[in-house]
Amino acid sequence: MHHFTYRDHQLYAEDVAVKDIAARVGTPVYVYSAATLRRHFRVFDEAFAGADHLICFAMKALSNLSILKLFGSMGSGFDIVSVGELMRCLRAGADPKKIVFSGVGKRDEEIAAALEAGILMFNVESRPELDRIAEVARQRKVKAPVSLRVNPDLDPGTHPHISTGHRTSKFGIPLSQVFQYYAQARALPDLELVGLSTHIGSQITDTGPFIEAGEKLAAIVRKLRSDGIALRYLDIGGGLGIPYQEEPPPPAEYAAAILKPLTGLGVKIIAEPGRVLVGNAGILVTRVLYVKETDVKRFIVVDGAMNDLIRPVLYEAYHAIWPVHKPAADRPSVIADVVGPVCESGDFFAQERELPQVQRDDLLAVMSAGAYGFVMASNYNSRARSPEVLVDGTRMHVIRERDSFEDLVRGEKLVELGS
Ligand SMILES: *Cc1c(COP(=O)(O)O)cnc(C)c1O
């Protein structure tokens, strides 16, 4: 469900015509819908209404300050993976007591900054990390709230690059060592053991793996309690998929499935949704530059590229592509690759896709580009990163400007070397 719809053949983001946004800020451009973001947060939050819970938006999916502020105003906390993300969400007014810090490679400065901010907890992924957090906390004379991230060793059935819950992945503490870890952590006086967490992967389209993870976590919480370790938080991670092409379960079904094995544990449930909150709330609007025909292929060359949206080549991801001006139904369609200007064969948004016939200057919308879209944008080929526009009803806000040339060379020095 999202608010990108056709009115009289023109694609609208809520009440603003996408072509008007393109005319005002140029292309390529990311366009987000505030109504869609609000709705997705509400639906997800309500799905967990039956349990004491906290939603911590996994901000790596989309981290523009205005988006963070919108979620924060709805009561969301944040799942962060770096000090940069910590500073972003604090800048956006986040409550530090609703921040959880995930990731396998936290640096000392990052641990110190998070302690200074007073975050809710660190999700710890290894023994040496546990020791570092204890050491940094000791130096600062504070207690660090920690949760141990367990790797439940299951196959979430998603793309290998976004699968994190199998025992061969770098994430989490092996199931077989989890009690040993808690015993060791308990012996460290600078730590406060507050939780258990997991995150099994992303774009998961079936409730099975979540139920399996939930059952394993519940058993751990119960065993710890009988050992005298009473946890406050159970962090179930993120990972619920969105309908790019497949049909994932709706949040209510997901929540019901995962909460079932977790009832009666007496812990607060923390969920870290990323993609499901923002994926369908954003599109990438791009303009056709050329239509190139060879003996065997037709290429639609657009002004957006893999530096703007890398998901197709990185994850073999499917993104629907809609014409911004929808042609009459009887206009013939074509089979084409939609490609960008970057000098890489991996620079495509779609391959062998059936699309309406297009010509130079037509606009195309790459759908479901809100998650892991702009945040992965780069300046490869010295291309400016796209602007981001947030539509709210009849209003459009530019929430990030397009990079300027000065942005591209910021920090670079022209040194005198002689020839
Ligand atoms: C990426 C990530 C998430 C969010 O995953 P989605 O699939 O976007 O919901 C949640 N928790 C952790 C620890 C992550 O790394």
Side-chain angles (χ1 to χ4, degrees), residues 37 40-41 43-45 47-48 53-63 67-68 71 76-82 84-86 89 98-106 110 114 119-126 129 146-152 156-166 169-173 195-207 209-210 213 217 233-244 246 248-251 254-255 258 269-282 311 314-315 317 368-376:
L37 294 165
H40 286 180
F41 184 84
V43 166
F44 197 92
D45 196 35
F48 283 87
H53 73 281
L54 172 66
I55 309 288
C56 290
F57 170 52
M59 62 176 284
K60 73 176 191 286
L62 176 58
S63 59
I67 306 283
L68 302 180
F71 282 138
S76 186
F78 297 94
D79 171 47
I80 64 167
V81 293
S82 71
E85 288 195 346
L86 173 67
C89 65
K98 291 183 178 175
I99 296 174
V100 299
F101 193 168
S102 300
V104 292
K106 304 177 189 78
E110 295 184 305
I119 66 165
L120 184 66
M121 65 187 190
F122 294 87
N123 287 341
V124 177
E125 305 228 9
S126 66
E129 182 193 337
V146 299
S147 160
L148 300 187
R149 173 171 173 179
V150 64
N151 181 325
T158 186
H159 191 276
H161 293 182
I162 49 175
S163 171
T164 57
H166 189 261
S169 124
K170 72 176 176 181
F171 296 101
I173 292 159
L196 171 68
S197 63
T198 196
H199 172 66
I200 59 174
S202 196
Q203 186 52 21
I204 298 168
T205 53
D206 170 24
T207 54
F210 292 116
L217 292 174
Y233 306 112
L234 181 55
D235 183 340
I236 58 176
L240 181 58
I242 63 167
Y244 293 107
E246 41 299 77
Y254 155 78
I258 200 164
I269 305 297
I270 296 177
E272 303 170 345
R275 187 188 311 273
V276 71
L277 297 188
V278 299
N280 288 337
R311 298 192 68 259
L314 189 58
Y315 306 124
S368 308
Y372 308 103
F374 179 84
V375 288
M376 288 192 181

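These numbers come from the heavy atoms of this one structure, side chains and all, not from hydrogens, waters or symmetry mates. Whatever order the structure lists ligands and atoms in, that order sets their numbers, starting from 1.
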Peer 1: What protein heavy atom lies closest to atom 7 (O) of ligand 1? Include the residue and the distance to one decimal.
Peer 2: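 Closest protein heavy atom to atom 7 (O) of ligand 1: Ser202 OG, 2.3 Å.
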
Peer 1: Could you tell me whether a side-chain N or O of Ser197 sits under 3.5 Å from a main-chain N or O of Asn123, the two making a donor and an acceptor?
Peer 2: no

Peer 1: Tell me the closest heavy-atom pair linking Val276 and Pro273, and the distance in Å.
Peer 2: CG1-CB, 3.6 Å

Peer 1: Taking 4.0 angstrom as the limit and counting only heavy atoms of Arg149, give me the atoms of ligand 1 inside it, by number and element.
Peer 2: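 Answer, ordered by atom number: 13 (C).
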
Peer 1: Measure the distance from atom 4 (C) of ligand 1 to every protein heavy atom, then report the residue, atom name and distance (to 0.1 Å) of the closest one.
Peer 2: Ala58 CB, 3.3 Å

Peer 1: Between ligand 1 and Gly237, is the shortest N or O to N or O distance under 3.5 Å?
Peer 2: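 In fact, backbone or side chain, Gly237 has no N or O that close.
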
Peer 1: List the steps, then state whether side chain to side chain contact (heavy atoms under 4.5 Å, CB included) holds for Asp45 with His53.
Peer 2: CA-CA 9 Å; Asp45 196 35; His53 73 281; 2.7 Å; yes

Peer 1: Can a cation-pi geometry be assigned to Lys106 and Phe122, taking NZ or CZ under 6.0 Å from the six-membered ring centre and within 45° of the ring axis?
Peer 2: no

Peer 1: What closest approach, in Å, do Val375 and Leu62 show between heavy atoms, and which atom pair accounts for it?
Peer 2: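 Smallest interatomic distance, heavy atoms only, reads CG1-CA, 3.6 Å.
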
Peer 1: Which residue holds the protein heavy atom closest to atom 13 (C) of ligand 1, what is that atom called, and what is the gap in Å?
Peer 2: Glu272 OE1, 3.4 Å

Peer 1: On the 0 to 90° scale, with breaks at 30° and 60°, tag the Tyr254-Phe210 ring pair as parallel, tilted or perpendicular.
Peer 2: perpendicular

Peer 1: At a non-hydrogen distance cut-off of under 4.0 Å, which region of Asp79 contacts ligand 1 (side chain, backbone, both, or neither)?
Peer 2: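 It is the side chain that touches ligand 1; the backbone stays farther off.
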
Peer 1: Which of the numbered atoms in ligand 1 are under 4.0 angstrom from any heavy atom belonging to Arg275?
Peer 2: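 With Arg275 as reference, the close atoms of ligand 1 come out as 6 (P), 8 (O), 9 (O).
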
Peer 1: Indicate the ring-plane relationship of Phe57 and Phe71, choosing parallel, tilted or perpendicular according to the 30° and 60° boundaries.
Peer 2: tilted

Peer 1: Could you check atom 8 (O) of ligand 1 against the protein and tell me its nearest heavy-atom contact, residue, atom and distance included?
Peer 2: Tyr372 OH, 2.5 Å

Peer 1: Please state which part of Ser102 comes within less than 4.0 Å of ligand 1, counting heavy atoms only: side chain, backbone, both or neither.
Peer 2: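 Just the side chain.
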
Peer 1: Report the distance from atom CD1 of Ile80 to atom CD of Glu85, rounding to the nearest 0.5 Å.
Peer 2: 7.0 Å

Peer 1: Look at atom 2 (C) of ligand 1 and say which protein heavy atom is nearest, naming residue and atom and giving the distance to 0.1 Å.
Peer 2: Lys60 NZ, 2.3 Å

Peer 1: Applying a strict 4.0 Å limit to heavy atoms, is Gly239 in contact with ligand 1?
Peer 2: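 Gly239 counts as a contact of ligand 1 under the 4.0 Å cut-off.
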
Peer 1: Quick one: nearest non-hydrogen protein atom to atom 5 (O) of ligand 1, plus distance?
Peer 2: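 Sorting protein heavy atoms by distance from atom 5 (O) of ligand 1 puts His199 CE1, 3.4 Å first.
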
